[in-house]
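Remember, it's a predicted structure, so these values are computed and weren't measured experimentally. The sequence lines fix the lettering, A, B, ..., with proteins before strands; numbering per chain opens at 1.
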Protein chains: 2
Amino acid sequence: MAHPRTDTRKQILDLAAALLQDRGFSAFSYHDIAQQLGVRNAAVHYHFPTKCDLGIAVIQRYRHRFQRYIEILDQGGADPMLKLEAYFTIPWGYLRDGGKVCPLGMLETEFYAIPEAMRVEARSLDQEIRQWLTQALREGRDQGLFRFQGTAKDKALLMVATLQGALQISRVVGRDGFSACVRQLKWDLGLVSS
Amino acid sequence: MAHPRTDTRKQILDLAAALLQDRGFSAFSYHDIAQQLGVRNAAVHYHFPTKCDLGIAVIQRYRHRFQRYIEILDQGGADPMLKLEAYFTIPWGYLRDGGKVCPLGMLETEFYAIPEAMRVEARSLDQEIRQWLTQALREGRDQGLFRFQGTAKDKALLMVATLQGALQISRVVGRDGFSACVRQLKWDLGLVSS
DNA sequence: GTCTATAACGTGATAGAC
DNA sequence: GTCTATCACGTTATAGAC
């Protein structure tokens, strides 16, 4: 029933996000998107006048999706352990989806090569993710589920850094590298290997 | 006494490496290098005919330097603890040098956008670093200096992933983020905070 | 070893018809 | 909302003089 072609905007965002996590923001072009979408260059510019506009929209969609994701978790009354598992699900999906990397990690490595307006969005995305994870870790420790040294905020930072690094290095060492890192992250939270 | 301009090749490599760790391989051009070097486009092409040649030479220099670095450590009879500190010194230097990221992390995020010949070099660099770190961790554990679960190889992978992720995320959260990650890596090796 | 000059191409972006 | 056509520019790369 879905009208074909009426949702070009969404398809552009899908492709842009995939390309971002695959090759990077500066390494894909309007032509790449137009071609894969079976449309012309100018059509993409109609929806997103400048590449910066497109970049911002892609990041904002990550932000909105993450917010919806955690709202659902909260409404479902998920406990910290479930929240942690749900969080790990995200990079796992990227890995399976052709070895994509974390969008935030990609934007950080390109940080000095992207427009300031995109950096602002990237900062917000990072802050929202780490803030939520920090809270989950704090609750988990208070409930005796997790055990770790230092602040929950620092632990969240460590986990985000490790996961994004692990996703990247998996491109070189293979997928098993990622599972090895996740296993150790869990150990270092005082969890037995599942 | 140094002859000015006789070592253009070296200066090109210096600039290319700095640009790689700053913005990424696909985000700098021959023009960037030529300009900062006060020389013309074609002069750079004389030393490195294609950009792929340049990329390979840069990575190979990282490899050679790392080999020399660990040879000196070994000749000095460094114990595992000193080796670990020496290893941490590398990303610390990158961080202080304008918030540069790990070259390997940069190459991994750009992995699907760089020529195959560069990927091969990147794989070698990764392997050499992780192999050395694995051995250092193994020795350290055998000597009762470090304490960790799982294989030394997996622990080395985790540390490399974490450090490269931490360097990247520091661009968003600031330099203190990196120290926080290093502190936790040490804790998780059974070391008290220094 | 560096220069000038230029080729060949890809890029982001815009104007205007349909 | 998509098209054709085009622009201005930056990119990698090469030829040939000095």
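Of the side-chain N and O atoms in A/Thr8, one or more sit less than 4.0 angstrom from OP1 or OP2 of D/dT2.
The interatomic distance linking B/Leu54 (CG) with D/dT11 (C1') rounds to 14 Å, in whole Å. Atom P of nucleotide D/dT6 and atom CZ of A/Arg40 are separated by 14 Å, given to the nearest angstrom. Rounded to whole Å, atom C1' of D/dG1 lies 19 Å from atom NZ of A/Lys10. To the nearest angstrom, P of D/dA5 lies 22 Å from OH of A/Tyr46. Straight-line distance from the CD atom of A/Gln11 to the C1' atom of D/dT2: 14 Å, rounded to whole Å.
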Exercise answer: donor-acceptor pairs, residues 71-79 of chain A side-chain atoms, under 3.5 Å, sequence neighbours excluded:
| residue | atom | partner | partner atom | Å |
| --- | --- | --- | --- | --- |
| A/Asp74 | OD1 | A/Lys83 | NZ | 3.4 |
| A/Asp79 | OD1 | A/Leu82 | N | 3.2 |

For nucleotides 11-15 of chain C, give me every protein contact, N/O to N/O, under 3.5 Å, one pair per line with atom names.
| residue | atom | partner | partner atom | Å |
| --- | --- | --- | --- | --- |
| C/dT11 | OP1 | A/Ser29 | OG | 3.4 |
| C/dG12 | OP1 | A/Lys51 | NZ | 3.2 |
| C/dG12 | OP2 | A/Tyr30 | N | 2.9 |
| C/dA13 | OP2 | A/Lys51 | N | 2.6 |
| C/dA13 | N7 | A/His45 | NE2 | 3.1 |

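Classification of B/Arg123 and B/Glu116 as a salt-bridged pair holds, one side-chain N sitting under 4.0 Å from a carboxylate O.
Shown here are the ring-ring contact (aromatic ring centres under 6.0 Å, His included) partners of A/Phe111, two or more places apart in sequence or in another chain: there are none.
Looking only at atom types and distance, the side chain of B/Tyr112 has no donor-acceptor partner in the side chain of A/Gln21 under 3.5 Å away. A donor-acceptor contact under 3.5 angstrom links the side chains of B/Gln164 and A/Gln168, judged on distance only.
A donor-acceptor pair is defined here as one N or O able to donate and one able to accept, closer than 3.5 Å; no such pair exists between the side chain of B/Arg138 and the backbone of B/Ala152.
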